[in-house]
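Just below is one structure, and these are the notes that go with it.
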Protein chains: 2
Amino acid sequence: MKLSFTEENYLKAIYHLSEGSEDGVSTNAIAEELNTKAASVSDMIRKLSKKKVIDYQKYRGVQITDSGRKIALQVIRKHRLWEVFLVEKLDFNWDEVHDVAEQLEHIKSPVLISRLDEFLGRPSMDPHGDPIPDENGEIKVSPQMPLSDFEEASLGIVVKVPDSDPSLLRHLDKIGMRLGSKIRVIEKVEFDNSALIAIDQGKELYLSGEIAKNIMLAVK
Amino acid sequence: MKLSFTEENYLKAIYHLSEGSEDGVSTNAIAEELNTKAASVSDMIRKLSKKKVIDYQKYRGVQITDSGRKIALQVIRKHRLWEVFLVEKLDFNWDEVHDVAEQLEHIKSPVLISRLDEFLGRPSMDPHGDPIPDENGEIKVSPQMPLSDFEEASLGIVVKVPDSDPSLLRHLDKIGMRLGSKIRVIEKVEFDNSALIAIDQGKELYLSGEIAKNIMLAVK
DNA sequence: AAATTAATTTAGATATATCTAAAAATATAT
DNA sequence: ATATATTTTTAGATATATCTAAATTAATTT
């Protein structure tokens with residue numbers, strides 16, 4: 001199945017919009033996501049439906065099919081692998097990679113992506129902490145544990161912080177730690193369970209054991 | 001100046017076709033190069049002419065302008081840098097890279113290519129021995145001629161092979177000839193223009209005149 | 001349930017790309 | 001130099017994409 005650049009983008013948008021809900025995706029939602037008009041979406045929907053990558057009944061929204069989901073996940077896989085390449089190999093900042101990856105994700109080559117994956121050391125997540133689907137479209141939810149359980153010299157990405165405690169969140173904000181932040185645990189202090197960490201390859205600082213217990217990291 | 005994928009391909013074709021000759025490039029030649037019809041070429045020519053990347057007078061062929069050449073050379077630069085990446089980093093064979101590079105060359109990003117160039121160690125030629133233009137479109141050339149023009153008992157180094165013909169590249173791979181291979185021309189057969197050569201001071205073998213014409217050697 | 005509002009589709013308009021066939025211009029041969 | 005052949009352009013056809021505006025369907029309110 002060969003899809004155009006635009007068709008792939010529609011499919012990706014539909015995939016993202018259907019995540020977390022069983023309902024069909026509305027025409028208007030797709031139009032908004034892709035900065036286009038509902039009429040254009042209607043046209044494209046009929047086209048994608050004919051290719052069996054979505055299910056569609058008039059006025060009822062669309063559902064992505066298994067084959068459509070597989071394609072969308074391959075595009076997402078490519079996008080995220082390229083992001084890893086840009087950040088790890090070409091020293092892009094993670095806020096600079098999106099637009100380029102948006103182009104690179106549409107390159108068609110049977111071997112390119114598997115070679116790139118290997119070259120990058122088969123990473124499990126992109127620079128923002130999002131998981132990278134495998135060749136079959138499977139997403140492994142990466143194992144995660146509190147920062148306090150990490151060994152010295154290990155890496156993790158912030159995936160969860162307690163949302164119930166404003167004073168903690170304010171502090172995290174102040175030290176520049178947010179969801180997706182890359183954490184390197186440099187040293188663990190036995191005395192008080194505090195830890196010396198580096199955030200996003202930047203400044204080093206000590207974190208109390210109390211805080212470290214409350215920050216969930218995905219193992220990298 | 002922002003050109004579409006297709007416009008860039010036209011410009012690249014016109015650049016290649018005008019190399020080595022002062023005459024304008026004919027509509028038919030462009031059509032053949034791009035596997036399209038003369039009528040379509042006429043349309044595109046008017047479009048590119050309006051953008052001042054080519055000069056054009058009806059029925060008189062086209063000449064690439066300085067600004068057009070600059071754009072073409074940037075596309076070529078991108079193509080060749082990506083080829084280096086594919087071969088050096090992703091272990092592609094040099095006969096596998098052309099189609100992928102053909103896609104990658106159209107990725108638009110101000111920083112991507114300079115970062116890639118740096119990552120690859122600012123290479124001066126691609127895996128086929130073609131020179132890589134710099135950011136300003138300058139090409140550094142070394143004196144070279146086809147193997148078929150070499151005298152008996154002369155030496156050369158493989159610097160270029162056509163990147164468009166996988167069957168030739170596969171054959172060269174099989175006989176152990178690659179970029180940088182040291183070639184000694186032992187004997188030239190007048191009858192069919194074939195040549196007896198030695199590769200890297202190793203085994204001797206005959207090369208047809210057809211192949212010899214397509215292999216560029218730097219004079220040693 | 002009827003009326004109103006919102007969402008979606010359809011119809012038709014506009015723009016673009018690329019083709020075939022015919023016309024026009026140029027090149028070549030006698 | 002004229003006739004013939006070739007190349008190139010133009011005109012018109014077809015296909016595609018995307019928009020606006022109108023029509024239709026569904027959802028919400030009263």
- Message: Checking B:His128 against B:Glu83: is there a side-chain donor and acceptor pair closer than 3.5 Å?
- Response: yes
- Whole-Å distance separating the NZ atom of B:Lys37 from the C1' atom of D:dT14: 14 Å
- Side-chain H-bond candidate by donor/acceptor type, B:Asp126 with B:His79, under 3.5 Å: no
- Query: Listed in order of residue number, which residues of residues 44-64 of chain A have a non-hydrogen atom at under 4.0 Å from DNA chain D?
  - Reply: A:Lys47, A:Tyr59, A:Arg60
- Message: Distance check needed: C:dT8 P versus A:Glu32 CD, whole Å only.
- Response: 12 Å
- Message: Side chains of B:Asp192 and B:Ser194 only: does a donor on one sit below 3.5 Å from an acceptor on the other?
- Response: yes
- Length of the CG-C1' vector between A:Asn28 and D:dT25, whole Å: 14 Å
- Per A:Thr27 side chain, nearest of listed nucleotides C:dT18, C:dT8, D:dT8: C:dT8
- Expressed in angstrom and rounded to an integer, what is the separation of B:Asp43 atom CG from D:dA15 atom C1'? 15 Å
- Take atom CG of B:Leu3 and atom C1' of C:dT16, then tell me their distance rounded to the nearest Å. 16 Å
- Message: I need the OH-C1' distance between B:Tyr10 and C:dT18, as an integer number of Å.
- Response: 9 Å
- The nucleotide from C:dA11, D:dT8, C:dT18 with an atom nearest the side chain of A:Ala39 is C:dA11
